[in-house]
Amino acid sequence: MTSIKTLSVAAALLAGSALSAQAEELHFIMCGGEVRPADQKVIDTFIGENPGVTVNMEAVEWGTCQDKSMQLAAAGDPPSLAYMGSRTLRQLAKNDLIVPVSFTPEEQAKFQPGVLSTVSSGGQYWGIPHAFSTKALYINCAVVEAAGAACKAPETYADLVALAKTVTDNTDAAGIGIAGKDFDNTMHMFLDFLYSNDGLVFDAEGKPALDSKNTRETLQLYADLLPYMQSGPIEWERDQMKDLFNDGQIAMYVTGPWGKGQHAEKVPSQMIVPIPHGPSGDSGTILITDSIAVFKGTGHEDLAVKLAKALTSGEAQYDLDSTWGLTPILDYQKAGMSEVYYTQDPWPVFVAGISTGGPEPMVEDFKSLQAVFTNMVQGILLGEGSVDELVTIAGQELAAVR
């Protein structure tokens with residue numbers, strides 16, 4: 001934990017009692033275990049422009065961070081603001097622990113399509129998006145070519161199955177890596193494919209919409225890919241697959257833009273392409289954001305919102321996106337920037353799916369939502385039911401999620 005102050009001790013003494021009356025400390029919990037330089041720069045500037053304000057930055061690892069923020073707030077000692085997964089916002093809002101955030105029409109227009117839907121519930125916005133990711137299909141061309149196939153993008157579900165089969169039949173590698181472990185990115189990966197088939201989890205009115213033809217077609221894709229997956233798919237989460245991909249043990253898998261750097265040394269001939277689309281939709285992706293939430297009951301909510309808006313403003317946000325390697329959260333070209341990082345390879349692939357993608361669902365009980373998808377996916381991978389049965393059950397389970 002670090003404490004950043006705006007004034008030296010000597011300056012504070014000179015300011016006297018007038019400063020004491022204005023002094024405010026913002027407690028800022030930053031999930032992820034570090035404060036990135038782009039954010040620190042904004043915080044330092046904010047402190048300089050707001051005499052008497054201190055910002056107590058507490059960087060906490062993801063494993064405990066979100067629970068800590070919630071527990072402090074529930075105990076009546078809330079942080080001023082916290083950077084956390086947008087999936088937590090609905091629960092925080094339901095428990096009256098955070099304040100709604102407003103955006104002017106001009107501010108709303110700056111975001112990439114669909115981004116604000118990741119922080120919206122009940123007709124209000126509950127956080128300010130600050131980090132954004134989309135997904136794409138990675139292909140190890142050396143493995144594909146060793147199977148006698150051309151290394152080119154599979155456009156449809158059927159193309160994906162055919163390519164995975166070719167690799168499995170003609171090499172020692174598995175055609176594709178699929179996440180099936182009891183972990184959040186099992187749901188995320190399924191949603192990448194579901195949103196590439198025009199599927200929904202909840203409709204525009206917030207009603208469950210998972211029990212659909214689109215979901216059945218997507219779960220059937222998993223059934224069709226099963227013979228060509230890595231061994232024991234229910235034991236694997238997405239991030240563990242980078243080693244399989246790097247070692248040539250799987251030919252394809254879905255991950256975010258950070259994958260290019262993770263694979264670069266061992267897979268020089270990697271190809272990054274849009275997620276293949278299903279029979280009922282166009283290629284899309286899950287839209288996942290982390291956001292800054294402003295907590296209620298601190299007495300300086302307006303000041304906390306001011307800091308949050310400063311961190312997520314145009315140039316400051318661009319600095320974070322470009323240096324961290326994130327999908328652009330704002331449309332910087334619309335804001336007048338001409339030479340933007342995301343026009344260079346491989347970024348156009350990650351940007352293209354935004355308009356047809358869908359949000360990570362925001363519910364009060366995220367673990368129950370995760371279980372709906374885990375049960376359905378593991379059910380098809382373990383042969384514990386038909387596609388129709390498992391989707392019907394998933395729809396019933398989703399109806400009970402709050």
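Throughout, residue positions are numbered sequentially from 1 according to the sequence presented.
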One thing to verify: whether [Y] and [X] come together as a salt bridge, which I'm taking to mean a side-chain N less than 4.0 angstrom from a carboxylate O.
X: Arg402; Y: Glu364; result: no
X: Asp331; Y: Lys110; result: no
X: Asp169; Y: Lys165; result: yes

Rounded to the nearest 0.5 Å, what separation is found between the [atom1] atom of [X] and the [atom2] atom of [Y]?
X: Met229; Y: Met241; atom1: CE; atom2: CE; result: 9.0 Å
X: Phe193; Y: Leu160; atom1: CZ; atom2: CG; result: 5.5 Å
X: Glu237; Y: Asp184; atom1: CD; atom2: CG; result: 8.0 Å

Centres of the Tyr83 and Phe28 rings: under 6.0 Å? no
Using ring centroids (six-membered ring only for Trp), state whether Tyr341 and Tyr332 fall under 6.0 Å. no
So if I apply the side chain to side chain donor-acceptor pair (under 3.5 Å) rule between Thr134 and each of Thr327, Asp192, Thr285, which one comes out positive? Thr327
What I want to check is whether the side chains of [X] and [Y] have a donor and an acceptor closer together than 3.5 Å.
X: Lys135; Y: Ser133; answer: yes
X: Asp77; Y: His27; answer: no
X: Asp159; Y: Thr156; answer: yes

Do [X] and [Y] have side chains that approach each other closer than 4.5 Å (heavy atoms only, starting at C-beta)?
X: Glu107; Y: Lys309; answer: yes
X: Leu303; Y: Val53; answer: yes
X: Ser280; Y: Lys213; answer: yes
X: Ile286; Y: Met189; answer: no
X: Arg216; Y: Leu219; answer: no
X: Phe295; Y: Ser80; answer: no
X: Ser338; Y: Gln333; answer: no
X: Leu226; Y: Leu381; answer: yes

Step through the shown structure and confirm whether more than 12 heavy atoms of other residues, nucleotides or ligands are within 6.0 Å of [atom1] on [X].
X: Glu315; atom1: CD; value: no
X: Glu155; atom1: CD; value: no
X: Asp172; atom1: CG; value: no

Walk me through whether Thr218 and Thr215 qualify under side-chain hydrogen bond (donor to acceptor under 3.5 Å, both in side chains). CA-CA 5 Å; Thr218 305; Thr215 305; over 6 Å; no
Take the angle between the ring planes of [X] and [Y] and call it parallel below 30°, perpendicular above 60°, tilted in between.
X: Phe366; Y: His188; answer: tilted
X: Tyr138; Y: His263; answer: perpendicular
X: Phe245; Y: Tyr253; answer: tilted

Test side-chain hydrogen bond (donor to acceptor under 3.5 Å, both in side chains) on Ser291 and Ser86; report intermediate values, then the result. CA-CA 5 Å; Ser291 302; Ser86 299; 2.5 Å; yes
Name all pairs fulfilling the ring pair (Phe, Tyr, Trp, His ring centres under 6.0 Å) condition that reach into residues 90-114, sequence neighbours left out, sorted by first residue then second. Phe103-Phe111, Phe103-Tyr125
Any idea which heavy atoms bring Val42 and Ala316 closest together, and the distance? CG2-CB, 3.5 Å
Could you list the residues that satisfy salt bridge (Lys or Arg N to Asp or Glu O under 4.0 Å) with Glu106, not counting sequence neighbours? none
For Asp282, salt bridge (Lys or Arg N to Asp or Glu O under 4.0 Å) partners two or more places apart: none
Would you confirm whether Asn197, through its side chain, and Asn214, through its main-chain N or O, come within 3.5 Å as a donor-acceptor pair? yes
